[in-house]
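Below, all heavy atoms of this structure are taken into account, side chains as well, without hydrogens, waters or symmetry copies. Chain naming here is simple, since letters A, B, ... match the order of the sequence lines and numbering starts at 1 in each.
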Number of protein chains: 2
Amino acid sequence: MNTNKIDWESLHNKFLLTVDVLIFTIDHEDLKVLLVKRAHEPFKGFWAIPGGFLKLKESLDIAALRVAKEKTGIKEVYLEQLYTFGALDRNTSVRAITVAYFSLIPYLKLKKPVSDKISDLQWFYVHKLPKLGFDHEIILKTAILRLKSKVGYSNIAFNLLSDKFRLSELQRIYEVILEKNLDKRNFRKQILATGLLSSTGKKELREAHRPAMLYRFKSKNVVYFD
Amino acid sequence: MNTNKIDWESLHNKFLLTVDVLIFTIDHEDLKVLLVKRAHEPFKGFWAIPGGFLKLKESLDIAALRVAKEKTGIKEVYLEQLYTFGALDRNTSVRAITVAYFSLIPYLKLKKPVSDKISDLQWFYVHKLPKLGFDHEIILKTAILRLKSKVGYSNIAFNLLSDKFRLSELQRIYEVILEKNLDKRNFRKQILATGLLSSTGKKELREAHRPAMLYRFKSKNVVYFD
DNA sequence: CCAAAAGTGTTATTGATACACCCATGC
DNA sequence: GCATGGGTGTATCAATAACACTTTTGG
């Protein structure tokens with residue numbers, strides 16, 4: 001069997017196969033997602049999850065990484081496959097299958113506002129969303145649910161902070177994702193008990209309160225708890 | 001934008017998009033998976049996970065259901081999307097993307113041995129597997145892991161039993177999936193505490209021991225615990 | 001009466017939750 | 001000295017884990 005001999009017509013292979021990437025970050029307010037304003041039909045003018053067509057010589061993971069890099073300018077990002085959406089009515093024109101990924105980015109790595117020129121790329125608070133095209137509201141909800149549940153049994157949320165941080169910052173990340181307040185003492189006990197953090201020994205100064213000890217992650221590799 | 005005008009060549013859309021379905025059941029021994037012997041290249045003669053090409057007018061879920069029905073003859077099966085596999089080296093010839101699902105079937109619904117004629121369809125204990133084609137060992141491992149973890153926080157395992165059953169049967173299902181023995185008293189306490197079972201009031205007789213109370217699931221809808 | 005699976009409660013351990021005050025710094 | 005967030009320990013409660021004997025039936 002040779003690639004050249006395949007009769008693609010007969011394989012009923014007329015799908016668009018796209019990879020969409022939900023790019024999340026958490027600022028001092030809330031969870032944010034990066035959206036693009038569509039320049040073409042269908043859903044021209046609507047906001048949508050960034051994505052692209054899968055290339056022939058590209059794995060799904062690499063395609064997702066490419067999209068994430070293109071939009072954020074960051075080379076190393078946390079990426080995880082979310083779900084594949086393939087209902088019949090999810091696109092208005094052509095049959096499209098989308099493999100959705102989500103990505104977590106530390107807010108501090110985004111100092112330069114993402115693509116000044118391209119104003120059709122914009123961060124939105126997930127609780128203040130515009131109208132989205134396609135079935136992207138469903139995809140976004142799926143991603144937020146996954147994030148919320150996975151935070152409970154893994155260290156996935158570490159990927160929303162850069163190397164040095166205060167425990168109170170980490171706690172805020174968890175509070176934003178879980179949408180509830182946590183007890184400071186219990187949080188510290190538990191997070192330190194995982195053994196995944198180490199103190200840098202340094203303290204953050206120049207603020208009008210007692211300086212906080214800075215911690216770092218021993219590794220950002222995802223670890224699953226019981 | 002009109003479907004007829006799409007230039008499929010230019011979209012680099014030369015993928016095979018398949019839907020593979022891992023069909024599981026548990027007999028008196030262990031967890032089993034249904035495999036097919038491949039009649040054609042690539043991997044001719046190897047055993048593989050049943051699957052098929054996605055049809056143009058068919059959602060992913062429906063495609064998976066079709067495959068599951070074809071192979072088991074059962075209309076209503078539990079199905080769940082597992083993961084989408086799209087590495088470059090997963091197939092020897094053509095670029096193929098596979099959306100994998102898994103399905104759980106009560107052993108008793110399989111009374112008639114699946115497709116007598118088609119001896120290239122066969123159940124295998126997941127701990128006594130033949131050599132599999134493609135990347136199907138990885139897919140299978142992924143599925144087993146998912147099943148194992150999900151049993152811990154959902155009632156997904158209910159789908160491996162038919163309507164009436166003894167608590168000891170249910171316990172065996174859990175033990176097989178978790179690959180460890182459970183304490184009878186604790187298991188009963190916990191499973192009854194979910195409120196998802198109800199006693200039928202009837203007992204199973206004609207066995208050389210004290211007859212067991214038969215239970216049923218109030219619903220097989222998947223419920224997630226904390 | 002023997003074999004085989006059904007059924008049943010209590011205790012100990014562990015993990016999760018609730019809760020309030022002093023500390024170090026900048027201004 | 002006051003405002004601000006940093007840092008710390010204990011007691012209660014809930015969930016989980018460990019553990020052994022009696023019961024009912026068929027043969």
Side-chain angles (χ1 to χ4, degrees), chain A residues 26-29 148-149 151-155 157 161 164-216 223-226, chain B residues 26-29 148-149 151-155 157 161 164-216 223-226:
Chain A
I26 295 184
D27 72 358
H28 301 293
E29 288 263 342
K148 202 167 173 172
S149 103
V151 150
Y153 62 91
S154 80
N155 63 343
L161 281 185
K164 290 176 190 171
F165 54 89
R166 306 189 289 254
L167 289 186
S168 62
E169 294 178 280
L170 187 57
Q171 183 175 341
R172 268 207 63 262
I173 298 289
Y174 276 79
E175 289 177 332
V176 165
I177 295 174
L178 294 171
E179 297 184 281
K180 67 175 178 187
N181 293 329
L182 302 174
D183 179 88
K184 184 167 43 159
R185 280 174 291 190
N186 293 335
F187 178 79
R188 287 169 174 245
K189 241 182 300 178
Q190 288 165 22
I191 207 79
L192 291 174
T194 64
L196 297 172
L197 305 187
S198 62
S199 162
T200 63
K202 295 181 184 173
K203 296 185 181 183
E204 189 163 53
L205 292 172
R206 307 193 180 278
E207 283 185 85
H209 55 78
R210 176 175 175 178
M213 177 64 69
L214 294 177
Y215 288 80
R216 77 161 67 86
V223 174
Y224 295 93
F225 311 136
D226 303 322
Chain B
I26 295 183
D27 72 358
H28 302 293
E29 288 261 343
K148 201 166 175 174
S149 104
V151 150
Y153 62 91
S154 79
N155 63 344
L161 282 185
K164 290 176 191 172
F165 53 88
R166 306 190 289 254
L167 289 186
S168 62
E169 294 179 281
L170 186 57
Q171 184 176 339
R172 268 207 63 262
I173 297 290
Y174 276 80
E175 289 177 333
V176 165
I177 295 174
L178 293 171
E179 296 183 283
K180 66 174 179 187
N181 294 328
L182 302 174
D183 179 87
K184 185 167 41 158
R185 283 173 288 192
N186 292 335
F187 177 79
R188 287 168 174 245
K189 244 180 299 177
Q190 288 166 21
I191 208 78
L192 290 174
T194 64
L196 297 172
L197 305 186
S198 61
S199 163
T200 63
K202 295 179 184 173
K203 295 183 181 183
E204 190 163 55
L205 292 172
R206 307 193 179 279
E207 282 185 86
H209 55 78
R210 175 173 177 177
M213 177 64 70
L214 294 177
Y215 287 80
R216 79 161 65 87
V223 174
Y224 295 92
F225 312 135
D226 303 319

Check whether any side-chain heavy atom of A:Ile177 lies under 4.5 Å from a side-chain heavy atom of A:Ile26, and answer yes or no.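 A side-chain contact exists here, since the closest heavy-atom pair is under 4.5 Å.
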
Determine whether B:Thr194 and B:Asn155 make a side-chain contact, defined as any pair of heavy atoms from C-beta on separated by less than 4.5 Å. no

Which residue pairs satisfy the side chain to side chain donor-acceptor pair (under 3.5 Å) criterion with at least one member in residues 167-180 of chain A, sequence neighbours excluded?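 Matches after skipping sequence neighbours: A:His127-A:Glu179, A:Lys148-A:Glu179, A:Gln171-A:Glu175.
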
Interatomic spacing from OG in B:Ser149 to CG in B:Leu178 - rounded to 0.5 Å: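 Reported to 0.5 Å precision, the distance equals 10.0 Å.
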
Who pairs with A:Asp183 by salt bridge (charged side-chain N to carboxylate O under 4.0 Å, His left out), at least two apart in sequence or on another chain?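 Salt bridge (charged side-chain N to carboxylate O under 4.0 Å, His left out) check on A:Asp183 returns nothing, list empty.
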
Sub-3.5 Å pairs of nitrogen or oxygen atoms, protein against nucleotides 20-22 of chain C:
unit_1, atom_1, unit_2, atom_2, d
C:dA20, N1, A:Arg185, NH1, 3.3

Residues two or more places apart in sequence or in another chain: which of them pass side-chain hydrogen bond (donor to acceptor under 3.5 Å, both in side chains) with A:Asn181? none

Using heavy atoms to find the nearest nucleotide of DNA chain D for B:Lys203 and A:Arg188 separately, return the residue whose nucleotide is more 5′.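 The residue mapped nearer the 5' terminus is A:Arg188.
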
Identify the 5'-most and 3'-most nucleotides of DNA chain D with at least one atom closer than 4.0 Å to a non-hydrogen atom of chain A.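 Counting from the 5' end, contacts occupy D:dA3 to D:dT10.
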
Return the value, rounded to whole Å, for the distance between atom [atom1] of [X] and atom [atom2] of [N].
| X | N | atom1 | atom2 | result |
| --- | --- | --- | --- | --- |
| B:Glu204 | C:dA4 | CD | P | 18 Å |
| A:Leu182 | C:dC19 | CG | P | 15 Å |
| B:Phe187 | C:dG9 | CZ | C1' | 18 Å |
| A:Asp183 | C:dA18 | CG | P | 8 Å |
| A:His209 | C:dC27 | NE2 | P | 11 Å |

May I ask you to say what A:Arg166 touches in the nucleic acid, namely base, sugar-phosphate or nothing, with a heavy-atom cut-off under 4.0 Å?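 Here A:Arg166 touches the backbone only, sparing every base.
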
A:Lys202: partners by side chain to side chain contact (heavy atoms under 4.5 Å, CB included), with sequence neighbours left out: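 Checked A:Lys202 against side chain to side chain contact (heavy atoms under 4.5 Å, CB included); matches are A:Lys164, A:Thr200.
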
Counterpart residues, side chain to side chain contact (heavy atoms under 4.5 Å, CB included), relative to A:Ser154 (two or more places apart): A:Lys150, A:Ile156, A:Val222, A:Tyr224

Using heavy-atom distances to pick each residue's nearest nucleotide on DNA chain C, tell me which of B:Tyr215 and A:Ala208 is more 5'. B:Tyr215

In residues 168-178 of chain A, which residues come under 4.0 Å of DNA chain C by heavy atom?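 Of all residues in residues 168-178 of chain A, none places a heavy atom under 4.0 Å from DNA chain C.
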
Which donor-acceptor pairs under 3.5 Å do side chains of residues 203-213 of chain B form with protein atoms, sequence neighbours excluded?
unit_1, atom_1, unit_2, atom_2, d
B:Glu204, OE1, B:Arg166, NH1, 2.3
B:Glu207, OE2, B:Arg166, NH1, 3.2

My understanding is that only residues two or more places apart in sequence, or in another chain, count here; which of them pass ring-ring contact (aromatic ring centres under 6.0 Å, His included) with B:Tyr215?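 So B:Tyr215 forms no ring-ring contact (aromatic ring centres under 6.0 Å, His included) with any residue.
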
Contact list (N/O, under 3.5 angstrom) for nucleotides 10-17 of chain C vs protein:
unit_1, atom_1, unit_2, atom_2, d
C:dT10, O4, B:Lys189, NZ, 3.0

Give me the atom names and distance for the closest heavy-atom approach of B:Leu167 to B:Phe187.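 Heavy atoms only, the tightest pair is O-CE2, 3.9 Å.
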
